[in-house]
Each structure stands twice: as C-alpha cells, then as structure tokens.
Protein chains: 2
Amino acid sequence: MCYYCLEMTLSEEDYIKTIYHLSDFNSKSVATNAIAEQMKTKPSSVTDMVKKLSEKSLVNYKKYQGVLLSEKGRLVALSIIRKHRLWEVFLVDKLNFAWDEVHVVAEQLEHIKSDALIDKLDAHLGYPKVDPHGDPIPNKDGVFTKSVKKLISELPVGSQGVCVGVNDSSAAFLKFLDKNKIALGDTFKILEIEEFDGSMTISTRSGSIRISKQIATNLFLEIVDEE
Amino acid sequence: MCYYCLEMTLSEEDYIKTIYHLSDFNSKSVATNAIAEQMKTKPSSVTDMVKKLSEKSLVNYKKYQGVLLSEKGRLVALSIIRKHRLWEVFLVDKLNFAWDEVHVVAEQLEHIKSDALIDKLDAHLGYPKVDPHGDPIPNKDGVFTKSVKKLISELPVGSQGVCVGVNDSSAAFLKFLDKNKIALGDTFKILEIEEFDGSMTISTRSGSIRISKQIATNLFLEIVDEE
DNA sequence: AATTAATTTTAGACAAAACTAAAAAATTGT
DNA sequence: ACAATTTTTTAGTTTTGTCTAAAATTAATT
Ligand SMILES: [Mn+2]
Ligand SMILES: [Mn+2]
Ligand SMILES: [Mn+2]
Ligand SMILES: [Mn+2]
C-alpha cells in the first residue's frame with residue numbers, strides 16, 4: 001500500500017502520529033487540548049487541522065467530542081511510526097549514534113516518502129523487530145507485536161527481556177552501568193529475588209550478577225510478546 | 001559552520017541549489033526564466049523568492065539583472081549538494097539502489113538538518129570523493145576537487161578514470177555492457193586507439209578488452225583532478 | 001530609430017498552517 | 001440548579017509559497 005499517495009504534508013503526518021500516540025492504541029478519543037500541548041501549538045490550530053484531517057477521512061471528528069483515527073488514519077500513523085523506528089535503528093546500529101540522540105533526527109527522517117527506500121532500509125538492518133528504545137516496529141501492513149516495557153523490580157523470577165532504558169539517567173548511574181558491563185541492548189533473565197532486601201540475581205552475556213533493589217527500579221526491560 | 005542555523009525552508013534550499021547549478025560554478029549570473037524552468041514554477045514566483053533570498057543576503061540581485069549567489073549562498077548550496085551526494089552514495093553502496101534511481105530520494109534527504117548525521121554518514125561511507133554519477137562531493141568547508149566527465153571517445157591514450165555514466169541508456173546497450181562485464185564504478189585505462197576504425201583497447205579489472213568507436217561514444221569516464 | 005518580441009517585475013489572489021481574541025459549549029462545584 | 005471554570009470552536013490576521021493577469025523593462029528586428 002502506498003499511503004503517501006494521499007499527498008500528506010509533514011504537518012498533517014505529525015498530527016496523525018500524535019493523535020495515534022495519545023489515543024492509547026486508538027482505543028480512546030483524544031482531546032483538542034492534549035493534541036495542542038503535545039504538538040506545542042494552540043487549541044485553535046488543532047481544531048483547524050482536525051477539520052482538514054476529517055475532510056480527508058483520516059479521523060472521525062464531531063464538534064466538542066474529541067477525535068479518533070479512522071482505519072485509514074491508523075494505517076498512516078503506523079507507517080510513519082514504522083519509518084521513525086527503522087531510522088532510529090539505522091542511526092544507532094549503523095551510524096553509532098547513542099540511543100538517546102536519535103529521536104530528533106528520526107522526527108525528520110520519518111517524513112521521507114519512498115516505499116523502496118524503507119523496504120531496502122528494513123532489509124539492510126536485518127528486519128529488526130524493535131527500535132533502540134524497545135518499541136516495536138510495525139511491518140508494512142501495520143502489524144506489530146505489542147511489547148511490554150517494565151522495570152526489572154516489577155518482574156517475577158524467570159522473566160526475560162532486553163534492557164532498553166533507564167529510569168535514572170544521571171551520569172553517576174550510567175557510569176555505574178558501564179562499570180558493571182550493563183549496556184542497552186543486553187538480554188537479561190531474572191534468576192532469583194532475595195526477599196530480605198529485594199536484590200536480584202540476573203543472568204547476562206558475561207555470566208550472572210547480583211543487583212540491588214535500587215538498580216532494579218531504574219532499569220527498563222523490554223518483554224516482547226511472541227504470538 | 002552550521003548553515004541551517006539560518007533556518008532555511010526546503011523551498012529556499014532548492015532555489016539556492018538550482019541557482020548554483022545554473023550559474024556554472026557561480027561564474028555567470030542566472031536568469032529568472034531559467035530558474036523558473038528548472039524549478040517547474042513561474043517567473044513571478046522566482047522574482048518573489050529571489051527578493052527574499054536577497055534580504056537574507058544569500059544572493060546578489062538587482063532588478064532585471066539576473067541573480068548570483070553571495071559567498072554565504074555559495075556555501076549553503078555546497079552544503080546541500082554535499083548532503084545530496086552523500087545520500088546518493090549511501091543509497092547505492094549500502095541499500096543497493098541502482099545509480100539511476102537515487103536522485104528523487106536524495107532530493108528529499110538533502111534537506112534533513114543535522115550536522116552530526118552527515119558527519120557520521122560520511123564516515124560510515126568511508127569518506128567518498130564522488131557520488132554514483134561521478135560528481136564530486138564537497139567537504140564540510142565546501143571544498144571539492146573539480147572533476148571532468150568525458151566520453152571515452154574524446155580521451156587520448158593513457159587516460160584513466162572511473163566509468164560513471166552512459167550516453168545511450170537503451171536496454172540493448174545496458175545489456176551489452178552487462179555481457180562484457182562493464183559496470184558503473186569500474187576503472188578503465190585507455191591503452192591503444194586504432195586509427196582505422198576508432199576502436200580502442202582499454203584495461204579493466206578483468207584484463208584488457210577491445211571496444212568499438214560506437215561504444216566509446218556512449219560511455220562517460222570520470223577523471224578526477226587530484227590537486 | 002522605431003516597432004515587435006521576449007523577459008522580468010508588480011499587483012492582487014489563494015491555500016496551508018500558524019496565531020490572538022472572543023464566543024460558545026461542556027464540565028465542575030456549591 | 002446555576003454560577004464559575006475549563007475546554008473547544010469561531011472569526012479575523014499573518015507568513016510562506018504559489019498563481020494569473022497586466023505592466024514595465026530589455027533585447028531583437030526591421
Ligand atoms: Mn516528524
Ligand atoms: Mn524510539
Ligand atoms: Mn530538494
Ligand atoms: Mn548525483
């Protein structure tokens with residue numbers, strides 16, 4: 001399918017994406033003010049744009065009732081999200097950007113219009129399933145495996161996942177992780193939880209290590225639901 | 001230097017690039033009509049835009065006198081051309097696009113604003129000197145080695161260069177090249193020219209071959225002037 | 001030199017995407 | 001229930017980049 005045949009502007013695309021994200025998997029209708037805040041614009045501008053998107057039947061909109069993406073709009077949103085996340089993988093895996101530097105650039109790259117480009121990029125990256133932040137990458141048809149991102153401290157013994165983020169991004173904590181050879185992208189499995197102090201034993205590439213409760217509450221693990 | 005701090009729009013950037021290309025290395029002033037034709041827009045629109053670019057002192061403009069890039073404008077043009085050509089190399093070398101498919105996509109990618117991105121892309125590609133069409137890639141400061149693109153038939157014995165294009169792009173000719181293992185990107189050296197029929201002996205990776213005058217008039221060689 | 005032709009600029013209009021200020025509707029608190 | 005507050009929409013501007021039609025300037029021909 002070729003969504004950009006709709007001739008969408010960059011601004012329209014960003015609105016569609018924002019509405020998708022605010023709708024919680026397109027389940028609840030989104031308020032004008034929420035969109036305005038997210039897009040750093042004014043509610044009146046949002047109303048104007050929402051009317052236009054409604055004209056193009058990308059959203060369902062009734063005055064004062066909030067807005068929800070149509071099926072067409074949902075697919076457009078997912079195709080932009082797909083591009084955004086594939087570019088983020090490219091920036092980290094191929095150009096050696098840090099995982100926290102890529103968002104701004106991907107925000108631009110996601111608007112490049114070329115099906116061939118994104119297909120070939122996908123192949124070049126080895127068809128990744130998640131982006132550097134652990135968020136799932138939809139396929140061409142907008143299908144993706146929902147993923148759960150949780151703090152290690154919230155998981156039971158036996159859980160397994162990829163380390164995709166930190167809660168505490170202080171230099172001290174990041175230095176600590178480095179020292180203990182814990183890096184974004186590593187796969188962890190929870191082996192044991194000590195009731196006494198909440199510390200945990202987890203297995204990593206380089207063997208099993210013990211982490212304090214404080215560390216466990218500051219590391220996010222990405223559990224991909226295989227289905 | 002950080003040219004996008006000028007906050008240039010996509011449209012302004014395309015105008016600057018077009019003016020540079022039409023000015024023949026910024027040596028002669030460019031006519032309004034020429035810009036309009038190239039940009040597929042109307043002369044009146046060009047006049048409007050040229051006034052704005054003049055306000056930003058990117059071009060030197062006097063009514064009815066045509067337009068020329070200022071030094072600032074020339075550097076902006078070269079930074080866009082640098083990005084365009086680096087992306088073209090990426091598309092061909094890394095994503096396996098054909099050399100004649102990349103221009104349209106690069107026309108979009110050249111407007112992505114991020115110094116870090118283009119630096120890292122440059123490194124990832126191994127600091128290429130020319131793009132897939134044999135055109136030179138300016139460095140960060142807008143410096144590039146001028147290159148000459150000539151038909152093989154116009155060159156003397158001893159000339160050496162990289163095959164960067166075809167004059168005749170018919171399927172028949174391209175198939176012929178394939179059969180004789182002549183590909184874009186190959187380095188050729190002219191060993192001998194037969195006065196009788198104008199045929200030539202050239203050395204390639206896979207030994208030396210003989211090509212007819214007709215072939216020699218349909219293949220472009222890129223001779224980079226090392227300086 | 002004068003007329004004709006081509007090029008370039010001006011004037012006025014329009015669509016996209018933003019804004020401010022004010023009106024209208026929905027929500028909340030008493 | 002109704003006044004106060006919040007949310008949303010409308011009305012009227014602005015900027016950017018385009019357009020058409022008409023006027024001004026320059027170039028080309030006789
Ligand atoms: Mn964006
Ligand atoms: Mn991401
Ligand atoms: Mn362009
Ligand atoms: Mn090129």
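So you know, we letter chains A, B, ... as the sequences are listed, proteins then strands, and number each from 1. All heavy atoms count here, side chains included; hydrogens, waters and symmetry mates do not.
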Peer 1: Whole angstroms only, please: what is the CD-C1' distance between A/E7 and C/dA15?
Peer 2: 14 Å
Peer 1: Not counting sequence neighbours, which residues clear side chain to side chain contact (heavy atoms under 4.5 Å, CB included) with A/K94? List them please.
Peer 2: A/F90, A/H124, A/L125, B/H124
Peer 1: If I take atom NZ from residue A/K28 and atom CG from residue A/L68, how far apart are they, to the nearest 0.5 angstrom?
Peer 2: 11.0 Å
Peer 1: Supply the atom-to-atom distance A/L53 CG to A/K72 NZ, rounded to the nearest 0.5 angstrom.
Peer 2: 10.5 Å
Peer 1: Once ring pair (Phe, Tyr, Trp, His ring centres under 6.0 Å) is applied, what residue pairs with a partner in residues 14-58 of chain A remain, sequence neighbours excluded?
Peer 2: none
Peer 1: Roughly, in whole Å, what's the span from CE in B/M49 to P in C/dT10?
Peer 2: 16 Å
Peer 1: Please work out if A/T47 contacts a base, only the sugar-phosphate, or nothing of the nucleic acid, heavy-atom cut-off 4.0 Å.
Peer 2: base
Peer 1: Can you sort out which residues in residues 31-46 of chain A have a heavy atom within less than 4.0 Å of DNA chain C? Ascending by number, please.
Peer 2: A/T41, A/K42, A/S44, A/S45
Peer 1: Pairs under 3.5 angstrom, nitrogen or oxygen only, protein versus nucleotides 25-28 of chain C, please.
Peer 2:
residue: C/dA25; atom: O4'; partner: A/Y64; partner atom: OH; Å: 3.3

Peer 1: Expressed in angstrom and rounded to an integer, what is the separation of B/D48 atom CG from C/dT10 atom C1'?
Peer 2: 9 Å
Peer 1: Suppose we screen for side-chain hydrogen bond (donor to acceptor under 3.5 Å, both in side chains). Which residues come up paired with B/D122, at least two apart in sequence or across chains?
Peer 2: B/R82
Peer 1: Could you tell me if B/K51 sits above the aromatic ring of B/Y61, with its cationic atom closer than 6.0 Å to the ring centre and no more than 45 degrees from the axis?
Peer 2: no
Peer 1: What are the two closest non-hydrogen atoms of A/A34 and A/V30, and how far apart are they?
Peer 2: CB-CG1, 4.5 Å
Peer 1: If I take atom NZ in residue A/K51 and atom P in nucleotide C/dA18, what distance separates them, rounded to the nearest angstrom?
Peer 2: 15 Å
Peer 1: Could you pull out all residues at least two apart from B/E12 that satisfy salt bridge (charged side-chain N to carboxylate O under 4.0 Å, His left out)?
Peer 2: B/K52, B/K56
Peer 1: Ignoring backbone atoms, establish whether A/S11 has a side-chain N or O less than 4.0 Å from OP1 or OP2 of C/dA18.
Peer 2: yes
Peer 1: Whole Å only: how far is the OH atom of A/Y61 from the C1' atom of D/dT10?
Peer 2: 10 Å
